[in-house]
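Note that the coordinates shown come from a computational prediction; the quantities given were computed from them, not determined experimentally.
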Amino acid sequence: MQTQSTVDVHGLLRLDEGLVHSDVYTSPEIFDLEIRKLFHEGWVFIGHETEIPNPGDYVLRTIGKQSVIMNRDSRGKLHLLLNRCRHRANSVCQYSEGNAAKFQCSYHGWTYQNSGELVGIPYQEGAYPADFSMKDYPLVSVRMETYRGFIWGNLSDSDVSLDSHLGENGKKAVDLFCDASPEGEILVRQGCNKTRIYANWKFQGGDGYHTPFTHQANFAVMRAKRAGRKQSLVRGSMEEGWISRDMGNGHYCLDSRSVQTQGVRLPDSPWAKKYRDSMVQAYGPERADFIIRANGNPHSILMPNLQLLSPDIRVIKPIAVDVFDVYFYCAFLKGVPDEVNEMRLRDTEDRMGPAGSINPDDVDMFERNQFGMQQTASPWKYMARGMTRQTIDDDHRTPEAYRMGNTLI
């Protein structure tokens, strides 16, 4: 039985002064409270439908500290099941992904269909009461909802829907990400880059201030390529401006859409023309131009564990107060020339791989953050940059389909 936390969260925040106490990032009690309130009592991103395209396919994921199986049964129906035998709570699935018609506990042999029903108990005769029924002991199903192929799970019995959790702005971020495909669909089947970081999970987020300093080497390469026009996709630079936008419900984004006057440029090649033509046919010239310039990139952080930074889907897995994992999935676009998806994959590898130009820098910064936060002298940290400039914005420079109207920036 979990006990209620007695930590005074409000006492760790002096928002009128822009100050946050280091305990927010170093206290195990705060971490446990976050796991319970954000991960065990709310909606958590699990995965994408295309990761398990065939009947019997499964992947292992977590909701907070709970292991769950995201799978399709033999008829292709989606399920989200707790990875826990109903007998002695042994895990019934040990592999990160695969295809299975059944899940069997290796401890005492209880066996479950991939739809969750208990179908086999060894040495059952005479060992259980006369009214014992296997129908009463399926694998526990987790509440599940989807939006545009993104699967979310919820361990609680609250009446909050996924629609309410994402809100209109969260859904528009997902829409922009998916609409980079002329068919409006992404494919997540390319594996992922995994990184373990010895820092608090909340450091991994949308901080636009650090970019020209932490990633100086990457910016130098970008400028050199830009000058020589040697790269197929050219992004706007940090100096051209970002807006930190509150999307509601804890979600936020680093919104560069309205300043992408140069943005992403496609090369002069047959495959690029084919992609542009297919986007114009699907969305019309104005909307297609906006999606291509913005690279379908909402640069959004959807609480508590999903980040959409095209072409990446980033998933955060908290482990302890000073340890978390981050998974980088490159989302392919359905219905595009192979060259488009190859370009996206190389982009993810170049930035987020083990020798990438972005993620290794971030890992170093986050771990330095954790080192500093653990020092107890003068524990209040100033985090109020930009607060005096915040205002309500109607996002009028963005096409209406993706407009985050009347949001705080």
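When side chains are defined from C-beta on, W110 does not count as touching Q104, because their heavy atoms never get closer than 4.5 Å. Contact annotation: the side chain of N83 approaches that of S91 to within less than 4.5 Å [non-hydrogen atoms, C-beta and beyond]. Residues C192 and Y327 form a side-chain contact, since some pair of their non-hydrogen atoms from C-beta on lies under 4.5 Å apart. Counting heavy atoms from C-beta outward, V326 and V315 have side chains that stay 4.5 Å or more apart.
Remark: the backbone N or O of V336 is not paired with any side-chain donor or acceptor of E339 at under 3.5 angstrom. Using a distance-only test at 3.5 Å, with no hydrogens or angles considered, a donor-acceptor pair links the side chain of N200 to the main chain of V321. Checking side-chain atoms of K172 against main-chain N and O of R403 turns up a donor-acceptor pair under 3.5 Å. No donor-acceptor pair closer than 3.5 Å links the side chain of N154 to the backbone N or O of V44. Remark: the backbone N or O of Q204 is not paired with any side-chain donor or acceptor of D362 at under 3.5 angstrom. In this structure a side-chain-to-backbone donor-acceptor pair under 3.5 Å is present from S181 to K334.
Ring-plane geometry between Y25 and F203 is classed as parallel, the angle between the planes falling under 30 degrees on a 0 to 90 degree scale with a further cut at 60. The aromatic rings of Y402 and F290 lie parallel to each other, with less than 30° between the two planes, well short of the 60° mark.
Distance check: F103 CZ to N114 CG gives 6.5 Å after rounding to the nearest 0.5 Å. I313 contributes atom CD1, which lies 9.0 Å from atom OH of Y329 (distance to the nearest 0.5 angstrom). In this structure, L306 CG and S300 OG are separated by 9.0 Å, a value rounded to the nearest 0.5 Å. Residue W271 holds its CH2 atom at 6.0 Å from CG of L266, rounded to the nearest 0.5 Å. Atom-to-atom distance recorded for R86:CZ and L118:CG is 9.0 Å, nearest 0.5 angstrom. Between the CD atom in E185 and the NE2 atom in H48 there is a gap of 8.0 Å [rounded to 0.5 Å].
Between D179 and R148 a salt bridge is recorded (basic side-chain N to carboxylate O distance below 4.0 Å). Residues D32 and R36 are not paired through a salt bridge, judged by the lack of any N-O separation under 4.0 Å between the basic side chain and the carboxylate. Classification of K171 and D163 as a salt-bridged pair holds, one side-chain N sitting under 4.0 Å from a carboxylate O. Comment: E349 engages R346 in a salt bridge, judged by a side-chain N to carboxylate O separation of less than 4.0 angstrom. Between R143 and D157, no side-chain nitrogen of the basic residue sits less than 4.0 Å from a carboxylate oxygen of the acidic one, so the salt-bridge criterion is not met. Contact check on R61 versus E97 returns no salt bridge, with no Lys/Arg side-chain nitrogen under 4.0 Å from an Asp/Glu carboxylate oxygen. Using a 4.0 Å cut-off between charged nitrogen and carboxylate oxygen, R72 and D57 do not count as a salt-bridge pair. Checked for salt-bridge contact, E51 and R189 miss the test: no charged N lies under 4.0 Å from a carboxylate O.
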Report the C-alpha separation of N341 and L333 in whole Å, then their side-chain angles, then the decisive distance to 0.1 Å, and conclude whether the side chain to side chain contact (heavy atoms under 4.5 Å, CB included) test is met.
CA-CA 7 Å; N341 285 328; L333 304 177; 3.8 Å; yes

Kindly determine whether L309 and R314 satisfy side chain to side chain contact (heavy atoms under 4.5 Å, CB included), including the steps that lead there.
CA-CA 8 Å; L309 290 78; R314 304 182 188 180; 3.7 Å; yes

Assess whether salt bridge (Lys or Arg N to Asp or Glu O under 4.0 Å) is satisfied between D255 and R245, documenting all intermediate values.
CA-CA 6 Å; D255 186 1; R245 186 181 295 275; 2.9 Å; yes

Run the side chain to side chain contact (heavy atoms under 4.5 Å, CB included) test on L78 and I52 for me, step by step, so that the C-alpha distance in whole Å, both residues' side-chain angles and the decisive distance to 0.1 Å come before the verdict.
CA-CA 9 Å; L78 285 169; I52 45 173; 3.6 Å; yes

Audit row: F366, Y198, side chain to side chain contact (heavy atoms under 4.5 Å, CB included) steps and yes/no:
CA-CA 8 Å; F366 300 151; Y198 292 92; over 6 Å; no

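Annotation: cation-pi pair R385/Y209 present, NZ/CZ under 6.0 Å from the ring centroid and within 45° of its normal. Stacking of K102 on the aromatic ring of Y112 is not recorded, the 6.0 Å distance cut-off and the 45° axial limit not both being met.
Within 6.0 Å of CG on D338 lie no more than 12 heavy atoms contributed by other residues, nucleotides or ligands.
Heavy atoms only, all atoms of each residue included: E17 and Y382 are closest at O-CE1, 3.7 Å.
With 3.5 Å as the limit, one finds a donor-acceptor pair spanning the side chains of K381 and S22. Side-chain contact annotation: N297 with S310, donor-acceptor N/O pair under 3.5 Å absent. Side-chain contact check for D73 and Y58: no donor-acceptor pair (N or O, by modelled atom type) lies under 3.5 Å. Of the N and O atoms on the side chains of T195 and N359, at least one donor lies less than 3.5 Å from an acceptor on the other residue.
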